K.L.:
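Pasting in a structure now, in structure tokens, and then I'll have a few things to ask.
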Amino acid sequence: MQNITTTFKKLFYLWRRSQVPVKQPIIISRIDNLIIFLVCILISIITSYKLLLISPLKIVDIFSWLLTFTEILVSSGVLILVSKKENPTISSRQIFLIITLLLAVQVAKLSLASNISPLSLIIPPALIISQGMGSITALAWVSIASLIWPDPEIIINNNLFFILLVCASIVSLLGGRIRSRAQLLQLSIFVPIVSFLSQWILIGKDKISLISKKDFVLANGDIFSDSLLLAIAMLFTILFIPIFESIFGLLTKARLLELADKEKPLIRRLSLEAPGTFEHTLLICGLAEEATRMIGGDIDLIKTGALYHDVGKLHAPNWFIENQDGSKNPHDELDDPIKSAEVLQAHVDEGLKFARKNRLPRLIANFIPEHQGTLKMGYFFQKAKEKNLDINEYQFRYKGPIPQSKETAILMLADGCEAALRAMNIKASDKEALETISNIIYSRQNDGQLDDSNLSQGEIFLIKIAFLNVWKRIRHRRIQYPTSKNNTFS
Ligand SMILES: [Fe+2]
Ligand SMILES: [Fe+2]
């Protein structure tokens, strides 16, 4: 009997699971794939063609060219795979940026290598990649850009190669963590100084020349001018990073923090036109931030995503309970649950329109539909049932998709718990609060909303504890301190 019940439960779960959209991997169009492949071929040809220029050409030379060509092509493929692994939502434009930078460096090596130090060629692109796509992708790019150095016209000093790898790795690792333009500026001064000192120690002091020297910038092997050129190249890169951000849709930490500025016009509008939603947003930011910190997720991403998740409510603020003053509810006047459900869905659709208009990065815009997932609008569904309307449950579900990342899933859970925690009695115990949180999270989980988020059971437990900690803070803030008539100091 128990087996039959279990089988039914499983079948019911599978049926329910089939009703929510299946996780869609990032689809790169055939044309984009073809362009990326052609650029990889171009990189391989440019890097290896010199092997075919030997005369007389022997079979062994052709074989060695073929081997190098394949090695470079495979390396480019590995680079793309690493970037996809680190950024599952990477777009074709971003992949195109990574391999175009590789192509540009290979061309620059062939045409300028005898004049410019490899440090100035490899470190600035590593900074762009680490900022936009993360440290691991940047490290992979650096290794491949250094490995497939086309047959150099100058002999690369082993020490110089070592310094290049150390400096490029520092830039790749720090670049992925840096949170402001000021820190980037510090890095662009720090790295050239490190490269200058290490070259001085490892390569030799006698190669330092003065600024007045004629071939000041293009003098290869000149430690001082090489380091200065590196500093200038890095400063220019920092200047151009915002342009890369908008062309290739990169989401750097600095851009995230800029977007999280509450003086941004869209957020100001939210605070003025939908003050209730703005308050709800701030509380959710607190809940989501604490939970993300607990599980080691991307705090800057969730803080910014949470700020914009309900901007779509600006299309009709007073249709949402948090903005109503209690006098009249437009949904009661409308008296049509199907239309009311459409208004609720519109806050997602309009939010996406606001995101497009304000050029919000895709990773931030994803929070708008995914925080609602395919949740049921239970209240209006119930009303429609009471009215005996001819309805389908899916008319009363958000269109989704369900959360595709841990961050958007946390936001969905925070969104669900916020109102319940706010409404909770100030005298409620921790146990009661935890029970409320657990019930809400369980209902989302049971509804299949967390299936694509990759949240583990352990992480869900940590999220509950984080929400409870925030609730304790809210409760503490709401406790009135006793004041005496004669004593007004605090
Ligand atoms: Fe919402
Ligand atoms: Fe919300």
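We count residues from 1, following the sequence as given. All ligand and atom numbering here is 1-based and tracks the order in the structure. Treat the numbers as computed from the prediction; the structure is a model and nothing was measured.
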K.L.:
How wide is the angle at the Fe ion (ligand 2) spanned by H309 NE2 and H280 NE2, rounded to 10 degrees?
P.N.:
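That angle works out to 100° after rounding to 10°.
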K.L.:
Taking N, O or S atoms only and a limit of 2.8 Å, check whether D310 reaches the Fe ion (ligand 2).
P.N.:
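It does: D310 brings an N, O or S atom closer than 2.8 Å to the Fe ion (ligand 2).
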K.L.:
Is any N, O or S atom of D415 under 2.8 Å away from the Fe ion (ligand 1)?
P.N.:
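It does not; every qualifying atom lies at 2.8 Å or beyond.
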K.L.:
Please check this pair: side chain of E370 against backbone of Q404, looking for a donor-acceptor N/O pair closer than 3.5 Å.
P.N.:
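Judged by distance alone, yes, a pair lies under 3.5 Å.
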K.L.:
Which pair of heavy atoms, one from S453 and one from A409, lies closest together, and at what distance?
P.N.:
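Smallest interatomic distance, heavy atoms only, reads CB-CB, 3.5 Å.
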K.L.:
Using a distance-only test with no angle check, is there a side-chain donor-acceptor pair under 3.5 angstrom linking H331 and D336?
P.N.:
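Result is no, nothing qualifies.
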K.L.:
Test side-chain hydrogen bond (donor to acceptor under 3.5 Å, both in side chains) on T374 and Q449; report intermediate values, then the result.
P.N.:
CA-CA 7 Å; T374 52; Q449 301 293 327; 2.9 Å; yes
K.L.:
Work out the angle at the Fe ion (ligand 1) between NE2 of H347 and OE1 of Q372, rounded to 10°.
P.N.:
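Once rounded, the angle between the two atoms at the Fe ion (ligand 1) is 90°.
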